[in-house]
2 protein chains.
Amino acid sequence: MMATSTFSMDGMLAQLEADTRTRLLEGAQRVALPAGRVVFRAGDACQGLPLVLSGVIRVQMTGASGNSIVLYRIGEQDVCTLSVGCLMAARGYRAEAVVEEAAEVLILPLALFEELMAASPKFRREMMAAYGRRLDDLMLLVEEVAFRRMDDRLEDWLALRGSDTVIDITHQALAEELGTAREVVSRLLKELERQGRVSLGRGRIEVRVPFAR
Amino acid sequence: MMATSTFSMDGMLAQLEADTRTRLLEGAQRVALPAGRVVFRAGDACQGLPLVLSGVIRVQMTGASGNSIVLYRIGEQDVCTLSVGCLMAARGYRAEAVVEEAAEVLILPLALFEELMAASPKFRREMMAAYGRRLDDLMLLVEEVAFRRMDDRLEDWLALRGSDTVIDITHQALAEELGTAREVVSRLLKELERQGRVSLGRGRIEVRVPFAR
DNA sequence: ACCCCCTGTGTGACTTTATCACTGATACGC
DNA sequence: GCGTATCAGTGATAAAGTCACACAGGGGGT
């Protein structure tokens with residue numbers, strides 16, 4: 001919890017004025033979250049604004065049918081914009097968040113958030129930028145889900161992991177990435193295997209021919 | 001263009017400190033937009049932050065296939081959060097906006113926006129709240145599109161217009177509201193007509209039995 | 001080693017939605 | 001009244017989602 005802690009030089013903390021950063025680091029609570037930890041669930045009240053120092057947090061949503069879809073991820077030196085709305089409107093979350101890679105997170109109390117918003121142009125700028133990214137992520141997602149074919153989207157997803165030849169993921173988890181059903185993913189993958197483009201194992205996809213993006 | 005102009009008492013302008021409101025009204029450009037006017041298209045650069053005084057602006061997105069979906073609407077005393085991201089990142093819009101009901105809009109230049117963000121806690125609060133609403137709208141939309149059945153969604157849409165017994169809309173426009181194809185809407189509506197729940201005319205849906213929500 | 005059991009995968013049957021290709025119907029201008 | 005543009009209806013087919021169930025792999029316990 002020292003203001004002298006190290007942090008990456010290209011992230012949002014490095015962008016801030018020195019005194020703003022100091023104030024932030026001393027006023028926020030620092031917590032370590034192990035992989036798999038559920039940060040919040042749909043309906044939970046919000047405790048403060050999380051700022052991810054390291055690791056990755058996945059934000060996803062579950063429909064009435066029980067199906068889930070991954071909305072976006074919060075990476076290094078990114079904030080959980082969703083929390084701002086929950087904090088200010090004092091209502092519950094609509095989505096849930098799970099730690100994907102063990103993370104260190106700063107939790108800014110509402111008062112500190114408002115203090116920094118008032119005091120620091122750079123903090124304001126970073127907050128607005130974070131909101132912009134989230135809005136963008138979600139708009140892209142809406143377009144994908146509404147208009148693109150599942151086989152295309154699956155190939156895109158595989159292409160994003162292009163460098164790894166072996167991907168460790170279950171069909172169920174992949175279905176949740178794409179917001180579809182496990183059976184659909186199984187069938188599409190099987191077809192790719194028939195075409196010789198991947199080999200499948202239990203919880204494993206081996207990419208034989210890299211997917212272009 | 002007078003700071004003494006009338007505005008609704010429950011909207012965001014009424015929430016602001018008096019001097020902030022004055023500064024806003026005198027620093028912003030006021031424009032009248034007729035129904036049907038395209039405010040911006042995908043790829044357009046952003047001129048300033050629009051704040052809707054009256055009327056309604058629809059924000060929608062068009063996929064590669066040519067299909068469109070309505071993302072959300074900007075109503076009275078709401079701001080176009082999308083523009084903030086475009087302004088600050090100086091990149092183009094990803095969606096398009098069309099005036100649905102003739103609107104009066106204030107355009108805040110970037111400098112004025114930043115000035116007000118620095119000076120006014122209430123302006124900041126309203127901006128964050130607007131962002132929160134948009135994020136919420138989009139998350140709800142993702143869930144709808146990803147998981148809900150089209151017949152349900154159509155009935156919900158009709159239920160929202162519940163009080164009017166006659167709705168003037170083409171199947172094409174309704175398909176764009178829901179992000180589906182015109183034929184799908186035609187078939188679903190025809191089925192509702194067979195069930196005696198609506199009567200159909202050219203560009204007209206007459207609700208016989210109101211839809212519950 | 002063997003079996004059990006949990007989790008993950010494969011697949012058929014069927015429904016819903018999307019797409020394509022048309023045809024037919026309605027309103028409106030000239 | 002006629003031509004034309006827009007709107008709506010519909011069959012055929014493909015893609016995706018749902019339901020039900022069989023089977024496979026792998027780790028833990030005895």
Side-chain angles (χ1 to χ4, degrees), chain A residues 36 61-70 141-158 166-195 197-206, chain B residues 36 61-70 141-158 166-207:
Chain A
M61 190 169 213
T62 302
S65 49
N67 298 14
S68 296
I69 185 169
V70 174
L141 184 60
V142 168
E143 196 198 348
E144 288 232 329
V145 172
F147 300 133
R148 296 193 52 208
R149 291 187 34 168
M150 202 48 82
D151 50 0
D152 272 6
R153 293 177 55 208
L154 175 59
E155 291 193 22
D156 272 11
W157 192 93
L158 291 170
V166 172
I167 303 168
D168 284 307
I169 191 171
T170 66
H171 297 184
Q172 180 61 48
L174 189 37
E176 290 180 11
E177 289 288 330
L178 300 173
T180 183
R182 198 262 315 157
E183 299 91 313
V184 174
V185 169
S186 289
R187 276 191 257 260
L188 290 174
L189 283 174
K190 208 68 199 168
E191 176 57 25
L192 289 177
E193 190 177 46
R194 267 189 285 274
Q195 294 170 10
R197 302 169 72 187
V198 301
S199 325
L200 302 176
R202 186 184 171 84
R204 219 193 70 243
I205 303 170
E206 197 167 338
Chain B
M61 188 170 215
T62 302
S65 50
N67 298 14
S68 296
I69 185 168
V70 174
L141 183 60
V142 168
E143 196 197 349
E144 288 232 326
V145 171
F147 301 132
R148 296 193 52 210
R149 292 188 37 163
M150 203 47 84
D151 50 1
D152 272 7
R153 293 177 53 208
L154 175 59
E155 291 193 22
D156 271 11
W157 192 92
L158 291 170
V166 172
I167 303 168
D168 283 307
I169 191 170
T170 66
H171 297 184
Q172 179 61 48
L174 189 35
E176 290 180 12
E177 289 289 330
L178 301 173
T180 184
R182 198 260 316 155
E183 299 92 314
V184 174
V185 170
S186 288
R187 276 190 257 258
L188 291 173
L189 283 174
K190 208 69 198 165
E191 177 57 26
L192 289 177
E193 191 178 45
R194 267 189 285 275
Q195 294 171 8
R197 303 170 70 186
V198 301
S199 324
L200 302 175
R202 187 186 170 85
R204 221 193 68 243
I205 303 170
E206 197 168 337
V207 179

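Residue numbers start from 1 in every chain, and the chains themselves are labelled A, B, ... in the order their sequence lines are given, proteins ahead of strands.
Listed by chain and residue number, nothing satisfies the side-chain hydrogen bond (donor to acceptor under 3.5 Å, both in side chains) test with Arg202(B) (two or more places apart in sequence, or in another chain). Contacts of Arg187(B) classified as salt bridge (charged side-chain N to carboxylate O under 4.0 Å, His left out), with partners at least two apart in sequence or in another chain: none. For Arg149(B), the side-chain hydrogen bond (donor to acceptor under 3.5 Å, both in side chains) partners at least two apart in sequence or on another chain are Asp151(B). Taking Glu183(A) as the reference, nothing meets the salt bridge (charged side-chain N to carboxylate O under 4.0 Å, His left out) condition, with sequence neighbours excluded. For the salt bridge (charged side-chain N to carboxylate O under 4.0 Å, His left out) test, no residue two or more places apart in sequence or in another chain qualifies with Asp152(A). In this view, Thr170(A) satisfies the side-chain hydrogen bond (donor to acceptor under 3.5 Å, both in side chains) rule with no residue, not counting sequence neighbours. In this structure Glu176(A) satisfies the salt bridge (charged side-chain N to carboxylate O under 4.0 Å, His left out) test with no other residue, sequence neighbours excluded.
Within the model, atoms CG of Leu154(B) and CG of Leu174(B) stand 5.5 Å from one another, a figure rounded to the nearest 0.5 Å. Between the OG atom in Ser68(A) and the CE atom in Met61(A) there is a gap of 10.0 Å [rounded to 0.5 Å].
In this structure, CD of Gln172(B) is placed 18 Å from P of dA5(D), rounded to the nearest angstrom. Atom pair Glu155(A):CD and dA15(D):P shows a separation of 13 Å (rounding to whole Å applied). Whole-Å rounding puts the Glu144(B) CD to dT16(C) P distance at 19 Å. The nearest whole Å value for the distance from the CZ atom in Arg204(A) to the C1' atom in dG26(D) is 14 Å. dG9(D) atom P lies 12 Å from atom CG of Leu174(B), rounded to whole Å. Straight-line distance from the CD atom of Glu191(B) to the C1' atom of dT17(C): 15 Å, rounded to whole Å. Atom CG of Leu154(B) and atom P of dT17(C) are 10 Å apart (whole Å). In this structure, Leu189(B) atom CG and dA8(D) atom C1' are separated by 10 Å, rounded to whole Å.
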Exercise for review: Give the B/S/- string for nucleotides 16-25 of chain D, one per nucleotide from 5' to 3', where a protein heavy atom under 4.0 Å of the base yields B, of only the sugar-phosphate yields S, and otherwise -.
Suggested key: SBBBB---BB
Quick one: which protein N/O atoms are closer than 3.5 Å to N/O atoms of nucleotides 2-4 of chain C? Pair and distance per line, please.
none

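Listed pair His171(A) / dT7(C) fails the phosphate criterion, with no side-chain N or O lying under 4.0 Å from OP1 or OP2.
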